[in-house]
Amino acid sequence: MARIELQPPRTLLYRAGEWYSRRKYGAVLDPGKIYAYNNKVLLALVGLERRVERWNKLDPALKHLAVMACSAQIGCSWCIDFGYWEADRLGLPMEKVRLVPTWREHREAFSELEQLVLEYSEAATATPPRVSDELTNALLKYLSMAELVELTTMVAVENLRSRVNSAFGLKGQGFSDQCQIRSVS
């Protein structure tokens, strides 16, 4: 159960957000309900998310693996649930996405680049971060500087999402129920 009521004041901004969220995702996102308690925070994060959606240097599948690895490491069941839905929408192989939380036990399912992205995502998510020169140099054999910057910043953005959602006690919202697999929360 969420640590904050998911019944924010029904301001004009919140009602507009409800409409948009239902239109885009088929449901009102629980994080949006929480952010609606503070309009300035809500507007800032909506602006951030809209800009993040336009980042296009890094392959979307790699970006999504990074996001899922962060969510799994932090233990954000809401983000994992939503991440399965996003992976399904992107047409990613769900059997691979399902393995992200335990990717080290299933290395054969991932390319060398995917394994490096997963390792880097976990290393950057750790507190304090554990990114090494060796890991960065290994990634730079596959990625451009622009792609590495996008990967690193995407990991930071997902850390923000996952840590906030976990702190507020958000759980899966049923998005993975619409996919070929179920959440591992």
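- Using a 4.0 Å cut-off between charged nitrogen and carboxylate oxygen, K96 and E114 count as a salt-bridge pair.
- The structure places NZ of K57 at 8.0 Å from CD of E150, a figure rounded to the nearest 0.5 Å.
- W103 and L113 are assigned to two separate hydrophobic clusters, defined by single-linkage of ILVMFWY side chains at heavy-atom distances under 4.5 Å.
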- Message: Applying side chain to side chain contact (heavy atoms under 4.5 Å, CB included) to L13 and L43, what does each step give before you reach the verdict?
- Response: CA-CA 9 Å; L13 179 60; L43 289 171; 3.8 Å; yes
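- Grouping the Ile, Leu, Val, Met, Phe, Trp and Tyr side chains by contacts below 4.5 angstrom, directly or via other members, places V157 with I34.
- Rounding to the nearest 0.5 Å places CG of L170 at 6.5 Å from CG of L6.
- Not a single donor-acceptor pair under 3.5 Å links the side chain of S71 to the backbone N or O of C76.
- Taking CG of L45 as the start and CZ of R50 as the end, the distance is 14.0 Å to the nearest 0.5 Å.
- L12 is not connected to Y14 by any chain of hydrophobic side-chain contacts under 4.5 Å among Ile, Leu, Val, Met, Phe, Trp and Tyr, and they are in different clusters.
- A search for salt bridge (charged side-chain N to carboxylate O under 4.0 Å, His left out) contacts involving E53 returns K24, not counting sequence neighbours.
- Using a distance-only test at 3.5 Å, with no hydrogens or angles considered, a donor-acceptor pair links the side chain of R3 to the main chain of A167.
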- Query: Where do E112 and Y142 land on the side chain to side chain donor-acceptor pair (under 3.5 Å) test, with the steps shown first?
  - Reply: CA-CA 10 Å; E112 184 176 346; Y142 293 96; 3.0 Å; yes
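- Nearest heavy-atom pair, A69 versus V100, reported as atom, atom and distance to 0.1 Å: N-CG1, 3.6 Å.
- Minimum heavy-atom separation, N56 to K63: N-NZ, 4.4 Å.
- R163 contributes no side-chain N or O that, together with a main-chain N or O of I74, makes up a donor-acceptor pair within less than 3.5 Å.
- Distance CE/M68 to CZ/R98: 11.5 Å, rounded to 0.5 Å.
- Taking all atoms of both residues into account, the shortest heavy-atom contact from N165 to C79 is ND2-SG, 3.4 Å.
- Listed for the E147 side chain is a donor-acceptor partner under 3.5 Å among the backbone atoms of S144.
- Here the side chain of S21 pairs a donor or acceptor atom with the backbone of L29 at under 3.5 angstrom.
- Checked for salt-bridge contact, R161 and E158 meet the test: a charged N lies under 4.0 Å from a carboxylate O.
- Atom CG of L140 sits about 5.0 Å away from atom CE of M145, to the nearest 0.5 Å.
- Surrounding CD of E49 are more than 12 heavy atoms belonging to other residues, nucleotides or ligands, all under 6.0 Å away.
- The side chain to side chain donor-acceptor pair (under 3.5 Å) search around S166 returns none, not counting sequence neighbours.
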- Task: Could you please spell out the steps behind the side chain to side chain contact (heavy atoms under 4.5 Å, CB included) verdict for L160 and L48?
- Result: CA-CA 11 Å; L160 168 69; L48 172 66; 4.1 Å; yes
- Message: For E18 and K33: C-alpha separation, side-chain torsions, deciding distance, then whether salt bridge (charged side-chain N to carboxylate O under 4.0 Å, His left out) applies.
- Response: CA-CA 9 Å; E18 274 184 316; K33 293 175 185 177; over 6 Å; no
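- In this structure, the ring of Y25 has its center less than 6.0 angstrom from the ring center of W85.
- Between the side chain of N137 and the main chain of D133, a donor-acceptor pair closer than 3.5 Å is present.
- To the nearest 0.5 Å, atom CH2 of residue W78 and atom NZ of residue K171 are 13.5 Å apart.
- The hydrophobic cluster around W19 extends to Y20, counting ILVMFWY residues whose side-chain heavy atoms fall within less than 4.5 Å of a member.
- Two residues are said to be in side-chain contact when any heavy atoms from C-beta on lie closer than 4.5 Å; D88 and F175 fail this criterion.
- Using modelled atom types, one finds no donor on one side chain facing an acceptor on the other under 3.5 Å when comparing T136 with Y120.
- Of the possible polar contacts, none joining the D81 side chain to the S77 backbone as a donor-acceptor pair under 3.5 Å is found.
- Under a 3.5 Å cut-off, the side chain of Y37 and the backbone N or O of Q7 do form a donor-acceptor pair.
- When hydrophobic clusters are built by joining Ile, Leu, Val, Met, Phe, Trp and Tyr residues whose side-chain heavy atoms come closer than 4.5 Å, directly or via intermediates, L116 is grouped together with L143.
- Heavy-atom minimum distance, V117 versus L62: CG1-O, 3.6 Å.
- Cluster annotation: V149 and V131 are assigned to distinct hydrophobic clusters (Ile/Leu/Val/Met/Phe/Trp/Tyr, side-chain heavy-atom contacts under 4.5 Å, transitive).
- Although no hydrogens or angles enter the test, the distance criterion places a donor-acceptor pair under 3.5 Å between the side chain of H64 and the main chain of G83.
- Residues E95 and L99 share a closest heavy-atom pair of O-CG, 3.3 Å.
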